[in-house]
Amino acid sequence: MDEVNFVIRSSFDQSYWVVAELANVSTSPRGHMYMELVEKSGNQIIAKARANLWSSRRGQIVAAFKDVTRQSIQTGMKLLLQLSVNFHNVYGLSFQVLDIDPAYSLGELERQKQETIKRLNEEGLLDFNKQYVLAPALQNIAIISSETAAGYQDFMNQLTSNKHGFTFNTQLFPALMQGEQAVASIIAALDASEQTKIDFDAVVIIRGGGSNLDLACFDDYTLNARLAQSYFPLLSGIGHERDQSVTDMIAHTRLKTPTAVAEFIINHNFEFENTIIGLFDQIFQTTRDRIDEEKYFMERSSRLIAEYSQSLIAAEEQILRQSGFDISKTSSVLLHKNGLDIFQKRDQIKYLSKRKTEKTDDQIKLTKNQLVRNIKTLFPLKESDLSEQEKELLKINLLIDNHKYKLNQLKQFIKLSNPQNILKKGFSISRQNGRAVTHISHLKTEEILETEFFDGRIESKIIKQKDNE
Amino acid sequence: MSKRITYDQALGELQDIVAEIEGEEISIDELSKKVKRAAELLKFCQNKLRQTEEDVNKILSQFDEK
């Protein structure tokens with residue numbers, strides 16, 4: 001054994017830089033790291049060896065590795081290792097890790113990442129999720145995260161305490177967000193989110209706060225191919241300021257932190273609310289304008305109708321006035337003309353009748369004169385004779401008048417002598433046996449006396465006689 | 001006036017009457033009838049407008065309260 005040991009020592013007396021894939025890694029309680037290194041041709045393992053990283057060196061090497069690659073040393077990684085060959089009489093042949101070159105791994109990771117991107121792009125998956133049009137308001141949200149992750153808490157706090165008072169229906173689909181199980185776990189969570197009956201508006205993939213380590217799973221082809229084809233728009237909040245994972249690239253919208261995802265959702269909804277408020281204002285304004293327009297039309301109509309009606313009436317009145325004027329003018333002209341005729345005719349008549357009258361008068365005069373003449377001829381009396389006759393006539397007239405007077409006096413006397421008239425004056429006639437009583441001596445007491453009054457007779461009995469003294 | 005008339009119908013009729021009166025196509029015999037009709041239509045339209053405005057304001061105020 002010592003000889004074997006010697007040969008090996010003398011043959012491999014220096015250290016060697018070796019490229020190998022880490023097939024397995026474990027850490028002992030004492031802090032040693034045990035690695036299983038393989039070399040592959042395709043999927044076929046063509047070489048296999050164990051390597052130990054002693055705790056004395058491990059701290060420094062791992063820290064440097066993390067510092068550069070921002071990854072833990074994990075299964076599946078390709079590493080450039082500085083190894084020395086050891087042979088132990090008890091444990092046999094092994095390699096001792098003296099150093100690991102992080103730059104190589106970083107380059108290798110980057111190469112893998114570029115390959116993944118290239119493949120996804122070729123398969124049309126890189127922009128696949130970006131084809132979704134986000135719902136106007138995001139309300140039902142699936143969350144893929146770790147329940148205990150600080151990022152998840154940040155996200156929920158930001159979302160629920162928004163100043164607009166928006167509420168959300170969130171559902172967490174828990175997953176491991178780092179380590180070797182992360183890819184399978186995240187895919188399982190996504191599957192679960194798609195199997196609910198909820199039509200999520202978005203699926204959010206968020207990862208804990210400040211740590212920028214172990215983001216390599218988000219460059220994984222399988223995971224990203226699946227995430228890209230999610231049923232829902234994918235919002236990512238896993239990255240860090242400095243870098244961008246493939247998941248960020250395939251996501252519908254990439255945000256830097258979980259908090260930023262929550263803000264994005266709130267702002268998106270706020271925009272929607274603003275749009276709605278804007279639309280409402282527009283409806284309000286348009287309605288107002290329309291009503292004002294109609295009101296104006298009504299006012300205008302009523303004014304127009306009033307104005308035009310009045311002017312129409314005024315116009316008709318003017319026509320009527322004109323007609324009235326025309327009638328009075330025409331008729332007065334007509335009247336005037338006729339009036340002239342009438343006056344002429346009247347004058348004519350006057351003139352003619354006057355002439356006629358005059359003519360007649362003349363004729364009468366003539367006839368009278370003739371008559372006088374004829375009478376004179378018939379009774380040729382002298383003027384004196386006439387007067388003598390006249391005197392005689394006068395005498396006779398006087399005589400007649402005298403007689404007339406006497407007759408009248410008689411008539412008057414007769415009238416006054418009528419007993420009836422005397423009776424009217426209050427006198428009465430007393431009769432006895434039909435004869436008028438003129439003296440009381442003819443009468444005796446107890447005899448019946450008949451007295452006649454103007455309007456009737458009475459019979460009385462004589463009671464006493466009295467002589468005139 | 002028929003209660004079944006819509007605002008648009010009333011408006012149309014009103015516009016016709018205004019046009020007729022404006023165009024002086026109306027005889028004096030018809031004028032008072034037309035003006036009376038126009039007044040009815042106007043009143044109807046204005047009432048409808050006022051009602052609509054009130055309704056709209058009511059709806060909007062409900063929204064504001066929210």
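Throughout, a chain's letter reflects where its sequence line sits, starting with A, and its residues are numbered from 1.
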> Which pair of non-hydrogen atoms, one from B:L14 and one from A:M298, has the smallest distance, and what is that distance?
Replying inline: CD2-SD, 3.7 Å
> Nearest heavy-atom pair of A:S309 and B:L31: which atoms, and what distance?
Replying inline: O-CD2, 3.8 Å
Nearest 0.5 Å please: distance from the [atom1] atom of [X] over to the [atom2] atom of [Y].
X      : Y      : atom1 : atom2 : value
B:I59  : A:F280 : CD1   : CZ    : 8.0 Å
A:S301 : B:Q46  : OG    : CD    : 9.0 Å
B:E54  : A:I291 : CD    : CD1   : 10.5 Å

> In terms of heavy-atom pairs under 4.5 Å with chain B, which of A:T287, A:L304, A:L312 leads?
Replying inline: A:L312
> What do you reckon, is CD of A:E147 surrounded by more than 12 foreign heavy atoms closer than 6.0 Å?
Replying inline: no
> chain B heavy atoms under 4.5 Å from A:I283: which part of the residue, side chain, backbone, both or neither?
Replying inline: neither
> Between A:E316 and chain B, which part of the residue has a heavy atom less than 4.5 Å away: side chain, backbone, both or neither?
Replying inline: side chain
>> Less than 4.0 angstrom from a charged side-chain N to a carboxylate O is my criterion; do A:R288 and B:E53 meet it?
In response: yes
